[in-house]
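Everything numeric in this text was worked out from a predicted model, so none of it was measured. All ligand and atom numbering here is 1-based and tracks the order in the structure.
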Amino acid sequence: MATEDFTNAVLVIHGGAGIITRSQLGDRAPEFHDVLLNALSDGYKAWQAGLSSIEIVVSAVTVLENSPLFNAGRGSVLTHTGGVEMDAALMRGSDLGAGAVTQLTAARNPIHVARHVMDNSPFVMLAGSGADQYVEENDLPTEPQSYFITDARQAQLDQQRTSGTISLSEDNKFGTVGAVAVDVRGDVAAATSTGGMTNKHYGRVGDSPIIGAGTFADNHSCAVSATGHGEYFIRTTCAASIASRIRWGNQSLRDASDSVICDELKVLGGSGGIIALTPDGTAVTTINCSGMYRGVVTESGDVYTAIFEPGSGTWTRFAC
Ligand code: ASP
């Protein structure tokens with residue numbers, strides 16, 4: 001079991017979980033910490049400005065989607081046919097408002113499209129060519145495939161095509177991004193964005209855009225964003241299950257997260273983790289694998305980022 005607990009948190013983010021070893025990462029850890037810090041900083045500014053928890057999670061996820069280091073937006077992993085199919089979802093805890101998109105091929109920021117669907121359409125989820133068409137119809141920013149496809153992702157696909165495997169990315173690092181936040185009114189929100197799995201079949205959809213599986217938020221319980229082998233998170237309805245255990249089973253955030261990630265999911269063979277946050281600012285990270293890119297910022301601007309095992313991160317403070 002691998003867990004961390006925080007109090008007075010306003011924003012928690014992740015950049016994917018998996019088997020992350022220091023030797024695999026080499027001297028590149030600072031690059032990842034920098035992007036995590038930038039995402040926390042943008043989200044914290046939104047919190048300080050009194051913006052909604054949706055604004056806070058979208059601010060943080062936008063930074064992560066724009067970085068080629070993570071498996072979302074720019075830097076998404078590639079499908080078997082060599083393109084990107086991006087998924088994203090977000091949810092508001094105050095009224096269970098939700099928006100989701102899957103298999104986007106051109107939107108620069110999938111999380112913005114999910115938000116647009118939530119705010120401006122009568123739907124919760126749009127998929128495939130219909131989702132791409134929605135982007136066009138609403139003049140949301142797009143990019144050519146060359147923007148999304150990095151040399152590193154192409155090399156991962158080549159390697160996995162050769163070995164005939166489907167994985168969540170090189171070295172079994174997952175790379176999906178997500179955020180959970182609570183605003184000054186005590187409303188929580190969750191957001192998750194991903195390119196999915198390297199070498200995935202055309203049309204495969206993971207847990208990230210599925211409300212209740214990879215993304216969930218309810219002011220009665222908590223906000224959750226997951227990362228890991230999506231099929232298992234769908235089968236366990238991971239995020240909603242954590243929330244239900246709190247709301248209806250009176251479990252603590254810690255117990256609910258551990259039960260789902262370290263028992264239910266692990267027994268099935270599912271690997272990964274979650275970040276979760278309650279309206280009172282109690283936050284947890286839970287993984288059943290060796291690492292997760294992650295970060296937390298508290299009300300006072302104390303900021304924590306980590307990659308490897310729990311407790312391995314460092315605290316700093318934003319100037320505020
Ligand atoms: N959960 C994502 C998926 O299965 C992958 C990840 O977390 O990196 O699509």
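A salt bridge is defined here as a Lys NZ or Arg NE, NH1 or NH2 lying under 4.0 Å from an Asp or Glu carboxylate O, and R245 with E264 meets this definition.
Between G206 and ligand 1, not a single N/O pair is under 3.5 Å apart. Residue T227 has at least one N or O atom closer than 3.5 Å to an N or O atom of ligand 1.
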Subject >> Stepwise salt bridge (charged side-chain N to carboxylate O under 4.0 Å, His left out) check, E4 with R254 >> reply: CA-CA 9 Å; E4 287 161 329; R254 163 56 55 216; over 6 Å; no

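If you run side-chain hydrogen bond (donor to acceptor under 3.5 Å, both in side chains) between R204 and each of Q103, H80, E85, E231, only E231 comes through. Checked options D151, D158, T150; the residue passing with Q154 is D158 (criterion: side-chain hydrogen bond (donor to acceptor under 3.5 Å, both in side chains)).
Ring centroid separation for the pair H33 and Y293 does not come in under the 6.0 Å cut-off.
By heavy-atom distance, the residue among G228, A213, C238 lying nearest atom 2 (C) of ligand 1 is G228. Between atom 3 (C) of ligand 1 and the options K200, M292, H229, R204, the minimum heavy-atom separation is to R204.
Contacts between A226 and ligand 1 below 4.0 angstrom, taking non-hydrogen atoms only, are absent altogether.
Every atom of ligand 1 is numbered from 1 in the order shown, and the set under 4.0 Å from a heavy atom of T176 is 2 (C), 5 (C), 6 (C), 7 (O), 8 (O). Each of the atoms 1 (N), 2 (C), 3 (C), 4 (O) of ligand 1 lies under 4.0 Å from some heavy atom of D207. Each of the atoms 1 (N), 2 (C) of ligand 1 lies under 4.0 Å from some heavy atom of S208.
In this structure, E309 contributes its side chain and G291 its backbone to no donor-acceptor pair below 3.5 Å.
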